[in-house]
Each structure stands twice: as structure tokens, then as C-alpha cells.
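Here's the structure we're looking at; comments come further down.
Because the structure is predicted, anything quoted here is derived from the model rather than measured. Just so we're on the same page: letters track the sequence lines, and every chain starts at 1.
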2 protein chains.
Amino acid sequence: MALVTTLPLTDVTECCAPLTRETLSAHNAEKLAKTLKALADPARLRLVSMVAAHDDAEACVCDLTEPLGLGQPTVSHHLKVLVDAGILTREKRGTWAYYRLVPGALDSLASLLVTA
Amino acid sequence: MALVTTLPLTDVTECCAPLTRETLSAHNAEKLAKTLKALADPARLRLVSMVAAHDDAEACVCDLTEPLGLGQPTVSHHLKVLVDAGILTREKRGTWAYYRLVPGALDSLASLLVTA
DNA sequence: GTACTATATCGATGAATGTCAATATAAGCA
DNA sequence: TGCTTATATTGACATTCATCGATATAGTAC
């Protein structure tokens, strides 16, 4: 159960052929939908975007709260969703928690959507 | 208003740079999230997959209901969501409604996620 | 130890959503 | 006209979810 939440995107990435290649099984559809749902929120899309564009390609919660215009608990919640989905990583250094893009995560996801 | 629902994906496609290229505006995040939400459902992912894999790359509701295991009104609902998102097209021929992938729709979406 | 800061978690609430049964619409055919 | 089939729409219900305020945890400095 712990593994399911720590390695979901990697799993999705290798789970199935591109969407339009062959019919998706119910099980794989469930897994892919979970990952897409993690991204399918305006606040989370902006978080991913802001983290990627930030200096050193990492950002702490304090960097993100104000420009996002949402409360700290809400931002922490969204970041957790993205980490659980395998899109971001979290590293705690001192008092701060730094978030980074998981290399290749978005690309793998994109490759599942592509038709060619 | 009618245009907003008939051309949303095209709009999204041309709206913004890839997610990780520059920080997404609140407005563009909203639009991209809407499109991703349309895909972020297991039933709809399977519908897209089944339509693409079907003979002649098109399928009517009656082809999809039974393999999906959902009721006809539910399937019609999901298909409408996908059409409104610009991912599928609907063409009525006689009694039947045929659904097809919008060429390039998924690819455009994928190109917004890619980091390279 | 206390005080302060950064972050995470909890609990509640309102909004959005997936599903179904029932009904409506529309097209084809006797 | 009526009958049948395919699809869409409506209304209801249960569930999920985004957000917030309050609180808990953890780390740093004094």
C-alpha cells in the first residue's frame, strides 16, 4: 500500500501502450485517470509550472503560497497530491520543504497521450 | 458562448507555452485544467481508446455501451464531455451518432506537458 | 527549556461530478 | 398513423474534492 502511493506514476508510465494504440483495460484506465486527475486542477498546474520555472528548478511552500493566492494548508495539500502522483518530489532541508519536478514524469505522461 | 464550447481545445492548444517553459497564468491554468479534467476519468479514457481503436476509427454509442459496462445515458454523457472538450467529434448519420478523435487534439495536449 | 517560523494534518463545508432510472427526442419502417 | 430503435436530456443521489480555519509537528535560535 505504501508502494502504491510512492511509485504510481512510474507505474502508469510503464503500464500501457499509448491511449490510441490499443483499447485501455479498466484497470489501466483507472491508474492513468488517477495521474491525470492530479494534474487536472488549475492550482496544481500552476504549482507544477512555478516549481519548474523557479530558480534551481525547486521551490518551497513559502515561495508558492503568495503568488498562487491560496492559503498555506491548501498549497501543502495540492503539493502532496502532486507528490503522491509521482509528478513532484519533496525534500526537507532544515525548516523548509523543497519541491522539484520528477525528471521525465510529465514526458512519460505526454507519451501516453500522443497518437503518432 | 457557443464558440467557447465548440473550440475549446484548439484554444487551449494555442493558448500557452509548455507547462514547464514559463509560469502559467491563472486564466490559462483554468482552461488547461478543464481540458485535462475531461480526460481524467477512467470511463472517458476508455471511450477515447475504444473510439480510436474501432473500425474506421469511429464508433457509435451502441458499440461502446456494452464493453464499457455502463448505462447508455452515462455513456452519452461522457461522450458529450469529450466533444465539449474538443477531443471527439460527433456526427449523426441516420439513427446513429458516430464519434471520432479530433485529429491532433491529444497531440496538442501532450505537447503542452512535455518538458523538453 | 521558550519563542518563532515553516510545514503538515485535521475537520467542516460547499461545490462539482459520476451514475442511474425515467423520460424526451428523433429517425426509420410497417 | 403507430411501432421500434438509437440517442439525448432531466432529475436525483452519493461521492469526491477544493478550500478554509484551527491545530499539530518539526526545526532553528535564543
Is there a chain of hydrophobic side chains (I, L, V, M, F, W, Y, each step under 4.5 Å between heavy atoms) that links [X] to [Y]?
X	Y	value
B/Val83	B/Leu47	yes
B/Leu112	A/Val114	no
B/Leu32	B/Val81	no

Between A/Pro73 and A/Lys92, name the one whose nearest nucleotide on DNA chain D is closer to the 5' end.
A/Pro73
Starting at the 5' end of DNA chain D, which residue's closest nucleotide do you reach first, A/His77 or B/Ser76?
B/Ser76
Nearest-nucleotide 5' precedence on DNA chain C, B/Gly69 against A/Thr95
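Here A/Thr95 is the residue nearer the 5' end.
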Between [N] ([atom2]) and [X] ([atom1]): distance, integer Å:
X	N	atom1	atom2	result
B/Lys34	C/dT17	NZ	C1'	15 Å
B/Leu45	C/dG18	CG	C1'	14 Å
B/Leu64	D/dT7	CG	C1'	12 Å
B/Leu79	D/dT7	CG	C1'	10 Å
A/Leu68	D/dT19	CG	P	9 Å
A/Leu70	D/dC17	CG	P	18 Å
A/Glu91	C/dT7	CD	P	13 Å
B/Lys80	D/dT7	NZ	C1'	13 Å

Is there a side-chain polar atom (N or O) of [X] under 4.0 Å from OP1 or OP2 of [N]?
X	N	value
B/Tyr99	D/dA8	yes
B/Arg93	C/dA27	no
A/Tyr98	C/dA6	no

hbond_proxy A/Gln72 side chain to C/dA6 base (donor-acceptor, 3.5 Å cutoff)
no
Roughly how far apart are A/Thr35 OG1 and A/Leu106 CG, rounded to 0.5 Å?
11.0 Å
Would you mind telling me which of D/dT19, C/dT19, C/dA8 lies closest to the side-chain atoms of A/Ala97?
C/dA8
From CA spacing to verdict: side chain to side chain contact (heavy atoms under 4.5 Å, CB included), B/Val51, B/Leu82
CA-CA 12 Å; B/Val51 166; B/Leu82 289 167; over 6 Å; no
